[in-house]
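Structure first, commentary second.
These numbers were taken from a predicted model, which means no experiment stands behind them. Below, each value reflects all heavy atoms present in this structure, side chains not excepted, and no hydrogens, waters or symmetry copies. Below, read A as the first sequence line, B as the second, and so on, with proteins coming before strands; counting in each chain starts at 1.
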Number of protein chains: 2
Amino acid sequence: MVRSTFLVNAAYADAAREHGLTPQQGQLLCVLMAQPYGMGELGAMLGLAKSSMTGLVDRTERNGLVRREPDARDTRAVRVALTEEGGRLADDFYADACRRIENLAAGLPPADKDALAGLLGRVVADNEAPEVFTESTGGE
Amino acid sequence: MVRSTFLVNAAYADAAREHGLTPQQGQLLCVLMAQPYGMGELGAMLGLAKSSMTGLVDRTERNGLVRREPDARDTRAVRVALTEEGGRLADDFYADACRRIENLAAGLPPADKDALAGLLGRVVADNEAPEVFTESTGGE
DNA sequence: CTTCGGTAATTCGCGGCACGAACTACGCAA
DNA sequence: TTGCGTAGTTCGTGCCGCGAATTACCGAAG
């Protein structure tokens, strides 16, 4: 259902706005919660061109949420890391976004919520790691 | 699951791009498949400010997909309608987008697909028409 | 009829977002 | 050393979304 996607999108965007973030900047912060990454890695993870990343990191850096650090192993490369403030905001935003999305399913009985989570998890798993081992379904 | 939303978004965006549309223009076409609407109505349906609609309709009109028609009852108002070409494209795009999204669940057995559709439908129904009749669940 | 508040849409200026092409600067191997 | 590949940036373009101000009209109240 496409419409359920709109709901999630809207909930996500609302959560971001309420924390003074754009959805993209929020996503960036969430990715960086785990660990710092290089620009190229971030682009791959978020599905963006390198040139798009520069701007996104620029804006987020200007807001004091992330920092560019030199990579010890590679003079060319850069590690993007959360600042103190960025880390706090990321935690808050992440929790809030989860809460809101959880809330969308509030009308469902717990068993159905579990079922839904399980099904969506399967869909994600099926689509997240394709490419390899396309044995029987002559894909492309 | 937020990630399933990304998948749907990506599938939708891909479908749009392949038909030479932006996601927003694709959405506009889909809404107009049913019938023409005024600018204000469209803004409400798509969750956009009126000033945002003007530009979106401008660009889509420039591509020859929609047309502004005067409203017989109200000289101020405008009806936005699909052109011939826009109608064809809307049909194609809509079918394609549905196919792609359907495909995301291809790895699930039919029974699970039905279950998923049912659950998501409930979530949508619960969230689409709130506001009224919040009787027992002291909502908000 | 005139006045006047509300409404439909547009215009303007701003900023975010995404892209590709061109460029810099470095890593690395031949 | 030469030269290819890679990490990031810059630049120019276009889409998108917003709020504030503006234009033009509707409709009701006086």
Going 5' to 3' along nucleotides 6-13 of chain C, which nucleotides have protein heavy atoms under 4.0 Å from the base (write B), which only from the sugar-phosphate (write S), and which from neither (write -)? BBBBBB--
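- In the region residues 10-31 of chain A, proximity to DNA chain C at under 4.0 angstrom, judged on heavy atoms, holds for A/T22, A/Q24, A/Q25.
- Using a 4.5 Å heavy-atom cutoff, the side chains of B/R67 and B/E69 are in contact.
- Comparing A/T75 and A/G47 by the nucleotide of DNA chain C that holds the closest heavy atom to each, the one mapping nearer the 5' end is A/G47.
- A salt bridge does not link B/D71 with B/R73: none of the charged nitrogens is closer than 4.0 Å to a carboxylate oxygen.
- Contact between B/V66 and B/E61 at its shortest, heavy atoms only, is O-CG, 3.5 Å.
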If you look only at distance, which donor and acceptor atoms sit under 3.5 Å apart when one is on a side chain in residues 104-121 of chain A and the other is two or more places apart or in another chain?
from, atom 1, to, atom 2, distance (Å)
A/D112, OD2, B/R122, NH2, 3.0

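- At its two ends the helix from C/dC1-D/dG30 to C/dA30-D/dT1 runs along axes set 10° apart, each axis drawn from five pairs and the angle rounded to 10°.
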Side chains of residues 27-51 of chain B: which donor-acceptor partners sit under 3.5 Å, not counting sequence neighbours?
from, atom 1, to, atom 2, distance (Å)
B/E41, OE1, B/G38, N, 2.7
B/E41, OE1, B/R79, NH2, 2.9

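- For the residue pair B/H19/B/D96, the side-chain donor-acceptor check at 3.5 Å is satisfied.
- A distance-only check finds no donor-acceptor pair linking the side chain of A/N63 to the backbone of A/L65 [under 3.5 Å].
- Considering every non-hydrogen atom in both A/T54 and A/R68, the closest pair reads O-NH2, 3.6 Å.
- In terms of the side chain to side chain donor-acceptor pair (under 3.5 Å) criterion, A/D91 has no residue partners (sequence neighbours excluded).
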